[in-house]
Amino acid sequence: MNSSIADFVECRPHKRNLEEISDTSDSSKKLKSSWRSIKNENLDLSYMSSFLNRTEARDAFICLENEVEYFTGDLAKVRVFGKWHDLPRQQAAYGDRGLTYKFSGCTVPAISWVPTLLKLKTRIEDITGYQYNFCLVNRYRSGNDSMGEHRDDEAELDPKTPIASVSLGEPRDFIFRHQDSRSKNSVRKIAPVKMVLENGSLLLMNWPTNVYWFHSLPVRKKILGVRINLTFRRIIPK
DNA sequence: ATGCATCCAAGTTA
DNA sequence: GTAACTTGGATGCA
């Protein structure tokens with residue numbers, strides 16, 4: 001790991017300011033223009049496309065490819081409707097000593113932080129003012145890998161600390177759908193919110209997004225490259 | 001021909 | 001007791 005991830009320093013908004021940050025075209029306000037706010041009924045996202053510059057993102061990607069060890073065996077499988085499937089992605093869980101993560105019925109202990117994850121965690125904490133103690137790593141080997149629609153609403157998560165999602169590698173579509181508008185003939189018609197998660201970007205899913213909105217990373221057959229996603233979370237220790 | 005959206009399949013768990 | 005959770009396959013459409 002070279003030092004580039006640790007070294008970049010730039011003034012960023014503290015969490016108390018995040019509500020005020022909306023966008024965009026005012027190039028004189030560098031601090032504000034780096035965040036895009038995406039809002040809808042009970043949906044509140046803060047998106048920063050250039051959390052990492054190109055070089056930093058490439059370095060972080062390469063380092064993580066060396067440092068992260070993904071689940072194998074039973075932890076890489078899931079049972080759905082009675083049938084066992086390989087997960088359509090690779091997963092790993094890192095965090096503070098003693099923390100556990102509930103995952104498809106299993107309770108997995110977080111393994112101790114690796115350098116690149118720690119550096120990124122520190123940078124996110126500096127930018128947002130929130131504190132994180134856990135990181136779920138999802139690696140999508142190609143556009144055939146995906147994540148089905150779900151909410152991140154586990155009881156053990158601190159609901160007021162937004163999940164901070166870092167994207168590295170191949171850009172991928174990311175889709176939010178409101179819980180009342182998930183099927184074609186649902187009563188309410190709320191359009192899905194679609195976005196692209198770019199290389200080096202940071203997405204904050206602010207409360208109460210994960211109470212009302214499901215999100216997914218759909219299959220995209222034409223995509224051949226790898227995407228690594230890091231979701232930093234705050235787990236309330238038992 | 002292919003990608004994509006939609007719907008559906010049950011058994012374990014909170 | 002009951003509702004939520006998971007993914008892949010079938011289908012229809014563009």
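Values reported hereafter were calculated over all heavy atoms of this structure, with side chains retained and with hydrogens, waters and symmetry mates removed. The sequence lines fix the lettering, A, B, ..., with proteins before strands; numbering per chain opens at 1.
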Aromatic plane relationship, A:Phe232 with A:Trp113 - under 30° parallel, 30 to 60° tilted, over 60° perpendicular: parallel

Distance-only polar pair, side chains of A:Glu198 and A:Tyr47, donor-acceptor under 3.5 Å: yes

Candidate nucleotides B:dG3, C:dC5, C:dT7, ranked by approach to the side chain of A:Arg151 - the nearest: C:dC5

Separation of atom CG in A:Asn144 from atom C1' in B:dT2, rounded to whole Å: 13 Å

From B:dT12, B:dC7, C:dT6, nucleotide with atom closest to A:Arg79 side chain: B:dT12

Proximity to the side chain of A:Phe81 - top-ranked nucleotide from B:dA5, B:dA10, C:dC5: B:dA10

Atom pair distance, as rounded to whole Å: NZ in A:Lys77 and P in B:dG11: 20 Å

Sugar-phosphate only, base, or nothing, as touched by A:Ser146 at under 4.0 Å among non-hydrogen atoms: nothing

Proximal nucleotide (of B:dG3, B:dC7, C:dT7) relative to the A:Pro88 side chain: C:dT7

Any A:Arg177 side-chain nitrogen or oxygen under 4.0 Å from OP1 or OP2 of B:dT6: yes

Donor-acceptor contact present, side-chain A:Thr209 to main-chain A:Asp44, <3.5 Å: yes

Separation of B:dT12 P from A:His85 NE2 (nearest whole Å): 15 Å

Between B:dA10 and C:dT11 - P atom distance, rounded Å: 16 Å

Output field: ring centroids A:Phe176/A:Phe214 closer than 6.0 Å: no

Integer-rounded Å distance: C:dG12 C1' and A:Lys184 NZ: 10 Å

Per A:Lys221 side chain, nearest of listed nucleotides B:dT6, C:dC5, B:dC4: B:dC4

Between P of C:dC5 and CG of A:Asn210, the distance in whole Å: 11 Å

Polar side chain donor-acceptor pair, A:Arg89 to A:Ser146, under 3.5 angstrom: no

Between B:dT13 (P) and A:Glu156 (CD): distance, integer Å: 16 Å

Distance in angstrom units between A:Met147 CE and C:dT6 P, rounded: 9 Å

Between P of C:dG8 and CD of A:Glu149, the distance in whole Å: 15 Å

